[in-house]
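Since the structure comes first, as structure tokens, the remarks are kept for the end.
For the single chain, residues carry numbers from 1 onward in sequence order. Since we're looking at a predicted model, the values are computed, not measured.
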Amino acid sequence: MAKERNMTKGKKVTLYNTPIKNAMKKIMWFSIFVGIFIFCFYVSAIFSRNTTETDVIMPFIIALIIHLGIYIYIKYRNRDLRRIEKKLNWFIYSNNLYTEETFERAPDKDGKVKRYKKVIYSVTIFYRIHGGRLYIECAKDGNKKSSNFDNLEDEFTALFGLDLEDVKNGNNYVLYVFTIDKERRLNVTRNGQKQVITENGVADYYANQLGSLTLNSHVEWEYSKLPHALIAGNTGGGKTFFINYLVMEFLKDQAEVFVCDAKMSDLYALKRVMPDKHVASTEGQIAQVMRLANEKMEERYAKYIEGEEFKYGYDYLDHNLSPIVVFFDEIGAFKAIADKKVAEEVNKYMRNIILKGRQMGVFMILSTQQPNADNIPTEIRDMMGLRVSLGNMSKQGYTMIFGDNYDLKTVDGKGHGYYFIDGLGWERPREYFAPFIDKYNVDLLSEIENLVKANGM
């Protein structure tokens, strides 16, 4: 069987004695000094005709200064890596993740036997810094001392003082990913501009790529490839503002947006600025919207998949089609008030769009306060490219959203929660701050109305 490749490469840390490695470092630095000295002496000889003691001393001093400068520069440049290596060495030592034995040297001339200790086994840990993240890879080698690498989240978090972003568990390794350059929250200003204020006070502005939406300073949701979203959150968690943000961002992508709000709550206010029949609240209106979105999708399939305009491997972007997005808020409330027959019809359209919509650019954004199996069936949840929870939720709620029993810490503040994007290799949800919209300075309805008019809806 082929050996499983490690997820990342980096510097190696063990407690094995490495006298050869240390000797090679000394030889390397001595060789660098000799090379610099020879170069300085050669340059000095070119400009000096007399060979005196000064002609030797001066190049020696210059070479020594240059050598020390290079040494200090390299040490300073790698200071963060050295700190990490020291911490990992201490971690291995303090947690007894090595085996040491006592050996005896041959008796000296007085017949005394000297004993010394030698490390005969040590766990191996790799580390590196890349892309604003610290990667700690623990090698599994079958030894009992490496068998606990699966459950070191709390220990490594305390050791480095960094937030754990992800854990990947392979057959012969466990990879812990920590955030150094933290994902920064977007601040949405007037005219829908998205910015992040950096540490030096400069504003960085962000724009969407075609077929994707910016979620924070580091992450974009490429909805054209990872379609549909599930958003869950209790009252006051910031769910509605996040949905309004998504509405604006989809409109910037020239999307035709539909909104279903069975509770006639905040999203229903979009009826004031959206085109006729694009915002629904009654069961009949919601069924009509879902039927219309499904018909538009099927028309596209008939033309671009089954018709003469079919091109192998093309999707809606290749055909220059605008996305169609249905926001379905409080789906649980709809199921509670809807007639059984109507509910079944809406559910049929929703499943059809979720199953087939991506290629022809038709997307569903589902949101609920109670993400249970009755409201969001498991097979629907598992097809959501983006899953977001805002505010604190029960363990059962997190399990219903993210599909596993993750140990997620308490969050505080509106718009604070967790998110997971399928297809990016994430092993667990990440902490998330939804874009901040100051309702006292940003008129959401006016912003959305301007975008609707600009799209000619």
Would you say the side chains of [X] and [Y] form a donor-acceptor pair under 3.5 Å?
| X | Y | answer |
| --- | --- | --- |
| Thr157 | Glu153 | no |
| Asn244 | Lys439 | no |
| Asp141 | Ser146 | yes |
| Asn208 | Asp253 | no |

List the steps and the verdict of ring pair (Phe, Tyr, Trp, His ring centres under 6.0 Å) for Phe250 and Tyr223.
CA-CA 10 Å; Phe250 274 112; Tyr223 65 84; 4.8 Å; yes
Answer yes or no: are there more than 12 heavy-atom neighbours, outside [X] itself, under 6.0 Å from its atom [atom1]?
| X | atom1 | result |
| --- | --- | --- |
| Arg190 | CZ | no |
| Glu220 | CD | yes |
| Gln396 | CD | no |

Any donor-acceptor pair under 3.5 Å from Glu309 side chain to His319 backbone
no
Hey, is the main chain of Lys356 close enough, under 3.5 Å, to the side chain of Tyr301 for a donor-acceptor pair?
yes
Stacked cation flag Arg128 on Tyr135, 6.0 angstrom / 45 deg:
yes
Report the relative orientation of the aromatic rings in [X] and [Y]; use parallel for angles under 30°, tilted for 30 to 60°, perpendicular for over 60°.
| X | Y | result |
| --- | --- | --- |
| Phe258 | His278 | parallel |
| Tyr432 | Phe242 | perpendicular |
| Tyr312 | Phe310 | perpendicular |

Non-hydrogen atoms of Pro227 and Trp221 that approach each other most closely
C-CZ2, 4.3 Å
Take Phe334 and Phe328 through the ring pair (Phe, Tyr, Trp, His ring centres under 6.0 Å) test and state the conclusion after the steps.
CA-CA 9 Å; Phe334 167 76; Phe328 203 135; 5.5 Å; yes
Can you check whether Tyr316 and Phe363 have ring centres sitting under 6.0 Å from each other?
yes
Looking only at the aromatic ring of each residue, does the gap between the centers of Phe91 and Phe156 stay below 6.0 angstrom?
yes
Partner residues of Asp266 under the side chain to side chain contact (heavy atoms under 4.5 Å, CB included) criterion, sequence neighbours left out
Thr240
My understanding is that only residues two or more places apart in sequence, or in another chain, count here; which of them pass side chain to side chain contact (heavy atoms under 4.5 Å, CB included) with Tyr206?
Leu186, Lys194, Val196, Asp204, Thr214, Ser217
All salt bridge (Lys or Arg N to Asp or Glu O under 4.0 Å) counterparts of Asp261, not counting sequence neighbours:
none
